[in-house]
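Atoms within a ligand are numbered from 1 in the order they appear, just like the ligands themselves.
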Amino acid sequence: MTGQRGNTGSLGDRTSPGNTASLRPDELEAVYAISKVVSVAEDIDTAMDEITALTRAVFIFDSAVLYRLQDGPEPLEPAFARVVGRGRSAPADLAWGERAAREALESGQMYRYETDPKPDADRLDQHFYLSLPMIAAGRTIGVLVFIRFGGPSYTEEQVNLAQFIATHVSQLFERQLLVERVANLEAERRLARLQDEFIAMVSHELLTPLGFIKGYTTTLLRKDTAWDEKTLSEFLNIIDEETDRLSELIENLLDSSRLQSGTLRIDLKPVRLSDLLGDILSRTQTRYNGLILTADLHAADLTVHVDAKRIGQVFDNLIANAVKYAAGASLSLSARRAGEAAVVCLRDDGPGIAPEHLPNLFKRFYRVPERSAGVRGTGLGLFICERIIETHGGEISVQSQPGEGTEFIIRLPLGDALPEVSEEGHV
Ligand code: ADP
């Protein structure tokens, strides 16, 4: 507060609570209109704007500030402030009545402060504060401060009116606090439910391959049976595949948490797009025997600055998804240049995805409910793909129609349009 504490008798004055009998008809009407605003208010800012306008019609003030009580070293935080009279052209230089607000907070009662009027002083340096605690259920929840620059003094009738207004604003504020509390509780409950669901899903996903590994190992260790070569090899293959699946799951979980915390390392190097996609193609052909994957890489003679391992991981994931969710479908991979970007598309002619799921597809843990039954997954794959592409300064999108297949489109910047990477290589 920049004003000087005056030395006349009206400082720190406290008056009794308001009384309607003393209100003029226009003031009563304003108080009634304010109570209506409070009863239908949806957000505090709009309601306070309306209350400020209604108040200003019957009560002169230059600015009004609403402080809310908060935890921490500075107990009052401005929740709303409006300059409606003097000082509108220079709000940054104005006094906002923090000290007057603290006085009302500490005493729990209205506090009035008036600078000694000096005829030649700047009006903006002469502060007339009316600071009213807002009380709900016997507890101070904030303070409403009215400020006049250069006077006049608040009359007893005006103080009475201001108290009515403060009572209504308290109700508005209390409702807002209740709404926030309910929203916080709901958010906490949602978070707890999500954590439970996450633990259940991850445990299930980890236990399934572990169950296979344990079962086949125990079987192989049985002393009472001799396994022929073919069965032995079949069982060992299952153990091998399930171990890969387990490490892939753990890698996904770790990547997802590194991406959330911004600690995933990417190592950008200039790479020929045709080489990168060629590697992906040959890896896919070895991995998925019989999969039809055509490629049009003629326009792929481009250089991209990427972490080849991470981009490979993105395509491996998209192809694994096509194998899981578009079983038996043919895939096609194409690459072209579009301005300063390389655009790579992976299409399948599988069952497609219903439009209502598309906006959620890249969200962490999102799975299309009707497609997830019996198909193993965590809903992390596309989330990781999107974040990896974004850390390269690129974009991934999806186009799909039920019955017409799915296409994932990846744009990666070419040449010098590189993302900013810190010295350690973290994005
Ligand atoms: P996950 O495979 O672990 O469920 P993803 O994040 O990789 O998680 O995929 C999210 C969802 O997107 C999948 O559950 C699946 O329903 C859907 N999906 C992904 N790719 C395809 C595709 N090619 N065709 C149809 N649905 C797909």
Side-chain angles (χ1 to χ4, degrees), residues 194 197-210 212 241-242 244-260 264 277 280-281 283-284 287-288 290-295 310-334 343-391 394-410:
L194 273 178
E197 282 171 13
F198 171 73
I199 290 169
M201 177 187 68
V202 167
S203 310
H204 173 78
E205 286 303 312
L206 294 176
L207 283 174
T208 311
L210 264 180
F212 279 111
E241 277 167 19
E242 294 299 320
D244 284 349
R245 160 109 195 116
L246 205 53
S247 18
E248 185 192 318
L249 257 168
I250 293 168
E251 270 305 315
N252 271 350
L253 286 168
L254 285 174
D255 278 354
S256 153
S257 95
R258 286 184 199 121
L259 282 161
Q260 284 293 91
L264 184 88
L277 297 177
I280 293 165
L281 277 176
R283 196 163 57 232
T284 304
R287 196 172 286 169
Y288 305 103
L291 177 75
I292 302 168
L293 172 56
T294 53
R310 292 290 173 195
I311 297 295
Q313 179 184 350
V314 169
F315 282 97
D316 287 350
N317 204 305
L318 296 179
I319 293 165
N321 273 353
V323 171
K324 281 198 291 184
Y325 302 107
S330 311
L331 269 62
S332 63
L333 185 69
S334 66
V343 179
V344 186
C345 299
L346 180 74
R347 241 200 87 75
D348 68 60
D349 58 3
I353 301 165
E356 65 268 27
H357 299 296
L358 296 178
N360 296 321
L361 217 62
F362 295 97
K363 288 191 183 150
R364 209 152 103 113
F365 305 127
Y366 190 82
R367 306 194 74 205
V368 176
E370 56 269 27
R371 297 242 169 269
S372 317
V375 185
R376 287 154 74 175
T378 54
L380 282 173
L382 290 179
F383 164 79
I384 294 175
C385 290
E386 183 181 51
R387 298 301 292 268
I388 289 178
I389 297 296
E390 282 175 358
T391 54
E395 272 170 33
I396 180 167
S397 56
V398 60
Q399 284 180 0
S400 188
Q401 284 286 339
E404 289 182 21
T406 304
E407 182 171 38
F408 286 93
I409 302 128
I410 292 173

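Nearest protein heavy-atom neighbour of atom 1 (P) of ligand 1: Tyr325 OH, 3.2 Å. Among all protein heavy atoms, the one lying closest to atom 17 (C) of ligand 1 is Val368 CG2, 4.0 Å. Summary of contacts: the protein heavy atom closest to atom 10 (C) of ligand 1 is Tyr366 O, 3.4 Å. Nearest protein neighbour of atom 4 (O) of ligand 1, counting heavy atoms only, is Arg367 NE, 2.5 Å. Atom 12 (O) of ligand 1 has Leu361 CD1, 3.5 Å as its closest protein atom, hydrogens excluded (heavy atom only). Closest to atom 8 (O) of ligand 1 among all protein heavy atoms lies Gly379 CA, 3.2 Å.
By the 4.5 Å heavy-atom criterion applied to side chains, Leu264 and Arg387 are not counted as neighbours. The closest side-chain heavy-atom distance from Leu254 to Ile250 is below 4.5 Å. Side-chain contact between Phe212 and Glu241: absent, with no pair of heavy atoms (C-beta onward) separated by less than 4.5 Å.
Looking at Thr406, Leu382, Ile353 and measuring to atom 6 (O) of ligand 1, the nearest heavy atom belongs to Leu382. The option from Leu358, Asn321, Asp348 that lies nearest to atom 20 (N) of ligand 1, judged by heavy atoms, is Asn321.
In this pair, Phe365 and Phe198 present their aromatic rings tilted. The plane angle is within the 30 to 60° band.
Counting heavy atoms under 4.0 Å from ligand 1, residue His357 does not touch it at all.
For CD of Glu395, the number of neighbouring non-hydrogen atoms (other residues, nucleotides, ligands) closer than 6.0 Å is 12 at most.
Arg310 contributes atom CZ, which lies 8.5 Å from atom OG1 of Thr391 (distance to the nearest 0.5 angstrom). In this structure, the separation between CG on Leu210 and CZ on Arg245 is 11.5 Å, given to the nearest 0.5 Å.
For Arg364 and Ser256, the side-chain atoms include at least one donor-acceptor pair closer than 3.5 Å.
Atoms of ligand 1 lying under 4.0 Å from any heavy atom of Thr378, numbered from 1 in the order shown and given with element: 1 (P), 3 (O). Each of the following atoms of ligand 1 lies closer than 4.0 Å to a heavy atom of Lys324: 2 (O). Every atom of ligand 1 with a heavy atom of Arg371 under 4.0 Å away is listed here by number and element: 16 (O).
Distance alone, capped at 3.5 Å, places no donor-acceptor pair between the Ser332 side chain and the Ala295 backbone.
Distances from ligand 1 to the non-hydrogen atoms of Arg376 include no value under 4.0 Å.
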